[in-house]
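Data first, discussion second: the structure below is written as structure tokens.
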Amino acid sequence: MRRLASVQQKIPCVFLTEVKEEQSRKRDCQQFQVVATENVNPAALDADVDCALATEKLDGTCCYVTVYKGQPYLWARLDRKPNKQAEKRFKKYQHSHRSCKGFTWNVDEDFKTVPETWIPAHRVNRHNGRPTPDEHGHIPGWVPVEKDNKQYCWHSSVVDYEVGAALVLRPSVDDESVLEMAAVPLVDLLEQTLELIGTNVNGNPYGLGCKKQPVHCLVSHGSVRVRNPPPVDFQQLCSWFQESPEGRVEGIVWHCSDGTLIKVHRHHLGLRWPDGETCLGNKPVIFHVDGRNNSKDLFTSFSRLNGRRFSQLQDIRYDP
């Protein structure tokens, strides 16, 4: 199987989009809504999206595995964002011009500070060698997940740097309709992006765990395939999301043969998310996490479930 592209930038919608002056379905504080038109994005056509690999768009927070302190490390997504004054100026320009094109940033003064360990994401635009913001006014980047950083405690719970492993949810090799929870060597995940999902991430749309028994794990981007995906057609996609059991997902990400990533989100089509049961949350899962000495709490708890099968991902329970 070919190596799939990592998610380092905002992914364009498979349809051309337009901005409507209405409350965002995705962000409570956003007073406008980005919606899809029925016209397919030329970028998607150029990348031959009809022949691309369709995968489930996961609803969590994006992570990245790369080297830090001489060993594979998990990194959390941290976009460098404008300060309040610059953000106000940017939004005023957007509103008056109906576009952000032509807006000029002062990277030295307009942006909030980030930790010294912060690195920009791949393929970030640069000017005179320095990272510059995208069309949303953000500079995508990453920070390493340190054990003692409470801000990233749920990220930290799925990695064990002493043994060099991460808790990864993935389709079973024998049957893609069954999921496997495994302790995977971090070295095997180098330069991949993954989604952290679980009890305390993004409202937990998959219904994982509970407050007393939180469940978190990583899912490699592109690993959960969409079986029998619909054609890239506005009406057929709308019907699929609403009527097909396979359509109970946040969206689709197409991995094109030239490395281009294209997506569609339910909100682009005016559809709710989450909306009841999810395709991922309803899949059976089997645990393959061996016991480890001096390992972290979640690793220890999951190792006690080694070999056990749950009929649904959302049914996972363990002894804390």
Side-chain angles (χ1 to χ4, degrees), residues 6-10 27 57-83 111-122 124 131 136 138-170 181-221 223 250 280 289 292 294-303 316 318 320:
S6 63
V7 178
Q8 297 275 346
Q9 300 285 324
K10 295 287 186 182
R27 297 180 178 87
K57 184 183 185 302
L58 298 158
D59 188 4
T61 184
C62 193
C63 303
Y64 175 46
V65 177
T66 193
V67 173
Y68 178 63
K69 295 181 178 178
Q71 70 178 93
Y73 244 72
L74 184 69
W75 295 62
R77 182 67 176 263
L78 180 66
D79 289 3
R80 194 176 180 197
K81 298 179 180 180
N83 55 40
F111 288 84
K112 299 175 183 177
T113 57
V114 288
E116 290 184 5
T117 53
W118 180 87
I119 60 171
H122 295 332
V124 163
H136 305 284
H138 296 178
I139 306 175
W142 311 99
V143 289
V145 174
E146 302 272 20
K147 288 182 181 180
D148 56 353
N149 191 330
K150 292 183 179 180
Q151 182 179 354
Y152 299 111
C153 60
W154 307 119
H155 293 71
S156 184
S157 72
V158 300
V159 288
D160 186 337
Y161 295 129
E162 291 182 9
V163 298
L167 293 171
V168 175
L169 183 71
R170 60 191 181 186
M181 187 76 77
V184 176
L186 279 164
V187 70
D188 292 351
L189 303 173
L190 273 172
E191 301 311 315
Q192 289 188 37
T193 55
L194 309 94
E195 200 82 358
L196 175 68
I197 62 172
T199 310
N200 297 290
V201 180
N202 243 19
N204 192 21
Y206 306 110
L208 300 184
C210 59
K211 186 174 182 180
K212 291 186 177 180
Q213 299 176 339
V215 171
H216 298 91
C217 57
L218 297 166
V219 187
S220 293
H221 289 143
S223 64
E250 186 194 26
L280 189 73
V289 180
R292 299 175 184 275
N294 303 319
S295 61
K296 303 182 67 176
D297 291 343
L298 197 56
F299 281 80
T300 301
S301 297
F302 280 9
S303 70
I316 293 174
Y318 61 87

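In this structure Lys211 satisfies the salt bridge (Lys or Arg N to Asp or Glu O under 4.0 Å) test with no other residue, sequence neighbours excluded. Residues passing the side chain to side chain contact (heavy atoms under 4.5 Å, CB included) test with Val67 are Leu190, sequence neighbours excluded. Looking at residues two or more places apart in sequence or on another chain, you find a ring-ring contact (aromatic ring centres under 6.0 Å, His included) between Tyr152 and His155. With sequence neighbours excluded, the residues forming a side chain to side chain contact (heavy atoms under 4.5 Å, CB included) with Ser220 are Leu189, Gln192, Leu194, Ser223, listed by chain and number. Applying the side chain to side chain contact (heavy atoms under 4.5 Å, CB included) test to Asp79 and every residue at least two apart in sequence or in another chain returns Arg77, Lys81, His138, Pro140. Scored by the ring-ring contact (aromatic ring centres under 6.0 Å, His included) test, Trp154 finds His216 as partners (sequence neighbours excluded). Scored by the ring-ring contact (aromatic ring centres under 6.0 Å, His included) test, Tyr73 finds Tyr68, Tyr161 as partners (sequence neighbours excluded). By the ring-ring contact (aromatic ring centres under 6.0 Å, His included) test, Tyr64 pairs with His122, Trp142, sequence neighbours left out. For Thr61, the side chain to side chain donor-acceptor pair (under 3.5 Å) criterion is met by no residue, not counting sequence neighbours. With sequence neighbours left out, Pro205 forms a side chain to side chain contact (heavy atoms under 4.5 Å, CB included) with Asp59, Trp273, Pro274.
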- Query: Going through the checks in order, is the side-chain contact (heavy atoms from CB on, under 4.5 Å) test met by Val65 and Glu191?
  - Reply: CA-CA 5 Å; Val65 177; Glu191 301 311 315; over 6 Å; no

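Of the possible polar contacts, one joining the Thr199 side chain to the Val215 backbone as a donor-acceptor pair under 3.5 Å is found.
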